[in-house]
Structures are given as structure tokens and as C-alpha cells.
Amino acid sequence: GPLSEFNQVEYYSPTRRFILGALTYYAEPGVWVYELSPYDTATAEMIATAYRILTKHTFFGEELLFHPTSVAIQAEALNLPDDVLQISTQKLFDGITYQPLNLGVSTGKLRFLDAEGLAKAALNFRDIVVLDHVPNDIGVVSGIITADYQTPLSHINVLSQNRGTPNMVYIGAFEDEQLKALDGKWVELEVGAFEWDIREITLDEAETWWEENKPDPVGVPAMDLEQTAIKDVEDILGLDPVPTNDNPPDGEVLSAALQASIPAYGGKASHYSLLRFMGEGVNAPKAFAIPLVYYRQHMADAGLDVEVSAMLEDPQFIGDNVYRAGKLQWLQKQIKIAPMNQELLDAVIFKIQTEFPGVRMRFRSSTNAEDLGDFTGAGLYTSAAGDPTDPDSPVEDAIRTVWASIWNYKAFDEREFRSIDHEGVGMAILAHRSFPDEEANGVALTGNIFDTSGLEPAFYVNVQKGGASVVLPEPGVTSDQY
């Protein structure tokens, strides 16, 4: 359309009619800058032309600086004449102590945590944390303050946006005596576009605020305990005839099939089945799914469903984070050591030996409370590898590990935050070949996270060569971003 044609010319073409950009005032360093979109291919000559016009026709012209916003623009900026004054991103950040990442107001108990403290902390969704670093991941909290800079696409900011909780940077937070004096107290945190505020409140005020502002409950499909068949993923949706790339399913039929499948085979397995119908070039590995009825049977046979009901009614379990974490760890251990249904195990091993001979398998979570329209559940549960030929990696241990992960502390707290009925959640399993030697590892979003209006459709991809994690990278690992 006209917009895409305009973008293609004005951001990329040497014969463009316009030189685009933005004028930004950075308050704390107190500087005006001219910036281009990171993907703009403007030459040094174009940049200089725009800069000179702006200096002549703006009241701050003599103070204007050019700020390169990408590595490519930074390289082109080396060719700029001396009268185009520049400022680096590092120089900009050197003057900034407050960085709002996700605006909002929240209440909670303030907790100061360093890296070691965070690793050991049993956080709750009513905690507001002050951190000396930017973690790769964090459980549900009501607000985040980091004493180090974040990127807008840092995992904790994406989580904050999904949860609607305030997130900010305050350089010097661990040295601020007034802020430190609030450690362990109930507070209200407000993160605004230009300033922030925090004040002490009472527990009653916090409770009132929470009741008025807690997120809408997430409705979870009722478990289907009638489906007992271990199915290949292409058969999960029960479509007849089975769709092909040349004969894709009708949208309404597909939606109805998904809604019927998720209660038995979970969100991940049901949606994975669609990958086989996405067109040429999409190589979805062969896979099968174990319905969630077997998780429920495992819990009942071991008497653990009764234990769960008792825990959920225990006031100490609900009110004491540390106690709750300990009880959940105990429950997970019981799930992992409880005897497994032998008929199920025999059936799974037979399927692997006949259809995946000599292949190490990956068993992945597929609950009825993930990959829903308003709740992804990303990162809450655990995957595990199993191989019938490897005594150090038994299939039964892998299956029970995935089942047990339904009671991960973070998963429980996320469900509690969204008012999900814990006893209404069941764990099915998606199984496919393991990939110990990955060519690449990544995460892809089928949407433009920089423009949610839809005016500029795009995919967003983070990818790392080899098997290094993109979601939880080791220090020194930086993924490519497209």
C-alpha cells in the first residue's frame, strides 16, 4: 500500500523526497538531539543537510547534537563534517539517573535484593523489588526498580508490560538513604514519563488498592479427562481430512478444533500441530502428545491431589512466601518419585522405539493454562530430555519432571496473580526429538513490538548461533535482533 511504498523510498532510497528523523530532548543530560530510525540508510550528506536546516530554524539550534541510533548509522556518522556535532549513546546515558521503562502505579512491600539475594528470594506478586542488576528473569512482582540500565526489550521489561506493572531504572538506588529506609515496608510506587514517586502506605491501603486493581481473572478451559490416546500431533485436532499445505483448514473450523483439543492435550501441543500446515519451508519436527489425564491419574494414585487441596486451604501456605516455596518443592519431589503408570510408560517407550529409533526425545509442558489468547504462560514450566537407551536419562524421569513443573514456584505465583484455579490446571506433554547440537536457537514474535497499531507489519526475531540460550543467555552472550 501507499504507506509501505513511502517507507521503502523515504527510509532506504537515495532518491528520497524527504529526510526523516526525530528531535528529542533528553531531560537529565539537558540536550537536544536529532535522531534517525535505526534502519534508515541516509548518507552523511543527507544527515548534514537536515542537521544544518534544523540548526537554522529551531530555537535550540546552536545546542543541537546528532545521535547515531544504530551501528550502521554510527559507521556512516564517521563521514560527517565537523560542524555536525555528535553525542554517543554512552554519553547520553552517563547523564541519566532515571529511566522509565513501563509506566504505572502499584503497591507492595519494598525489598532490596542483590544478585545472590534474588536467587534465593521467594518473591510474591505483592513485592516491589529494588535490584542492583538487571536479571534475565523474575517471578511476578508488583514493581521493579533496577540500579543499572535496562533495554526496552529486556526480558523483565517485557514481563512488566505483559503484567501491567511499573518498571524503572534509578541509578544510585542502593545509595539512596530515603529509599533504603522504606525497605521491608508497604509502599505505593508511581513511575511516570518524566519523574517517579514512592511513599509509605499501610497494609490496609495496599489491600484496598489490590482489590481495586488486580488483573482480570483468566478463564482456563475445563480439563478433558476422557481423552486417553497418545496421538501424533497431526491427529490432535481431529480434522478430517487431515489438512495439508495445499489444502489448509478453514479458519473457523481450525479455531473450533483448537478449543476442543486444548482441554485434553494442552495449548502447546495443540498449537504445535498447526506448524505442519504453515507452508513450504516450515520444517516442524515429527511429534506426539500425551494427554493430561495421565498427570491427573498420577496425582490421584499417589494421593497428591489431596495434599494439593490441603495446601491451598492452609493460611500459612497462602501468606508465607518462604513456607509456600518449601511446600511446593516438597510436592514436586513427591511427584518425581511417585511410581508411574506402567502401561503408560510402556506405551511411550514403544512409540519412541518404533517411530523414533535411536533418538533422544524432548518432553515439553503443554497445560490447559498456557498459550491462551490472554495468557501465554511462557517460561513457567520445565522441559526435560529422555532416552530409552540411556540409563542416565530415563523417559519416566523426564515425564515426571515435566508433570512436577506445574508446581514451579514461579508458575504458581503467576497463576495466583491471574486468579487461575490451580486445581483446574492439568499437564499434558508434547514430545519430539531433542536438538543437542543446534544450528541456531531463537525466539520469534509474529508481530511488530515497536508498532502495535499495525501500521508497520513485521516479525521480530532474536536468534543466537549454536545452542546458547536467547531467553537466559550466559554473561557475554548477545543475540542478534532482526
Side-chain angles (χ1 to χ4, degrees), residues 219-296 344 347-348 350-352 354-356 359-386 395 398-399 402-403 405-406 425-435 442-447 459:
V220 173
M223 290 180 288
D224 178 353
L225 303 180
E226 301 299 318
Q227 292 284 348
T228 60
I230 299 173
K231 290 187 178 181
D232 294 329
V233 287
E234 57 265 35
D235 299 328
I236 287 175
L237 299 182
L239 298 175
D240 187 22
V242 175
T244 64
N245 290 331
D246 297 328
N247 182 33
D250 174 79
E252 292 187 5
V253 171
L254 191 58
S255 179
L258 276 172
Q259 298 309 310
S261 172
I262 289 174
Y265 293 95
K268 188 173 294 175
S270 298
H271 285 90
Y272 183 91
S273 67
L274 303 182
L275 291 177
R276 302 184 72 84
F277 316 125
M278 289 185 65
E280 298 298 329
V282 178
N283 182 23
K286 180 181 177 181
F288 65 89
I290 303 170
L292 58 76
V293 64
Y294 293 106
Y295 160 77
R296 297 291 299 175
L344 170 64
V348 172
F350 178 77
K351 189 170 186 66
I352 294 172
T354 55
E355 299 182 29
F356 301 83
V359 175
R360 184 178 177 86
M361 301 296 291
R362 192 73 174 170
F363 295 85
R364 306 178 64 194
S365 66
S366 183
T367 71
N368 59 324
E370 61 185 300
D371 297 327
L372 304 177
D374 53 355
F375 184 72
T376 67
L380 297 183
Y381 306 110
T382 304
S383 299
V395 168
I399 292 174
V402 178
W403 281 345
S405 73
I406 205 169
V425 178
M427 178 70 78
I429 293 178
L430 170 66
H432 56 65
R433 60 161 293 195
S434 179
F435 294 88
V443 176
L445 300 180
T446 54
F459 293 151

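Every value quoted in this text rests on a predicted model; they were computed, and no experiment measured them. The analysis underlying the following values was restricted to heavy atoms, covering all of them including side chains, and did not include hydrogens, waters or symmetry mates.
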Under the salt bridge (Lys or Arg N to Asp or Glu O under 4.0 Å) rule, collect the residues that match up with Lys268, sequence neighbours excluded.
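Salt bridge (Lys or Arg N to Asp or Glu O under 4.0 Å) list for Lys268, sorted by chain: Glu370.
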
Find out whether [X] and [Y] are in side-chain contact, i.e. whether some heavy atom of one side chain is under 4.5 Å from a heavy atom of the other.
X      : Y      : result
Pro221 : Leu372 : yes
Leu344 : Ile230 : yes
Glu355 : Asp232 : yes

Would you give the length of the straight line joining atom [atom1] of [X] to atom [atom2] of [Y], rounded to the nearest 0.5 angstrom?
X      : Y      : atom1 : atom2 : result
Ile406 : Ser365 : CD1   : OG    : 9.0 Å
Arg362 : Arg433 : CZ    : CZ    : 13.0 Å
Thr367 : Leu380 : OG1   : CG    : 8.0 Å
Trp403 : Arg296 : CH2   : CZ    : 12.5 Å
His271 : Leu237 : NE2   : CG    : 9.0 Å
Ser273 : Leu254 : OG    : CG    : 7.5 Å

Would you verify whether the NZ or CZ of Lys231 falls within 45 degrees of the ring axis of Tyr265 while also being under 6.0 Å from that six-membered ring's centre?
no

I need the minimum non-hydrogen distance between [X] and [Y], along with the two atoms involved.
X      : Y      : value
Pro285 : Phe435 : CG-CZ, 3.6 Å
Thr382 : Ser405 : N-OG, 3.1 Å
Ser366 : Met427 : N-SD, 3.5 Å
Ile262 : Asn368 : O-CB, 3.9 Å
Pro263 : Ala222 : CB-O, 3.1 Å
Ala289 : Ile236 : CB-CD1, 3.6 Å

In terms of the angle between their ring planes, are Phe288 and Phe363 parallel, tilted or perpendicular, with boundaries placed at 30° and 60°?
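Because their plane-to-plane angle is over 60°, the rings of Phe288 and Phe363 count as perpendicular.
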
Got a sec, which residues hit side chain to side chain contact (heavy atoms under 4.5 Å, CB included) with Gln259, two or more places apart in sequence or on another chain?
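For Gln259, no residue satisfies side chain to side chain contact (heavy atoms under 4.5 Å, CB included) once neighbours in sequence are set aside.
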
Please walk me through it: do Leu275 and Val233 pass side chain to side chain contact (heavy atoms under 4.5 Å, CB included)?
CA-CA 10 Å; Leu275 291 177; Val233 287; over 6 Å; no

Check this for me: Phe350, atom CZ, are more than 12 non-hydrogen atoms of other residues, nucleotides or ligands nearer than 6.0 Å?
no

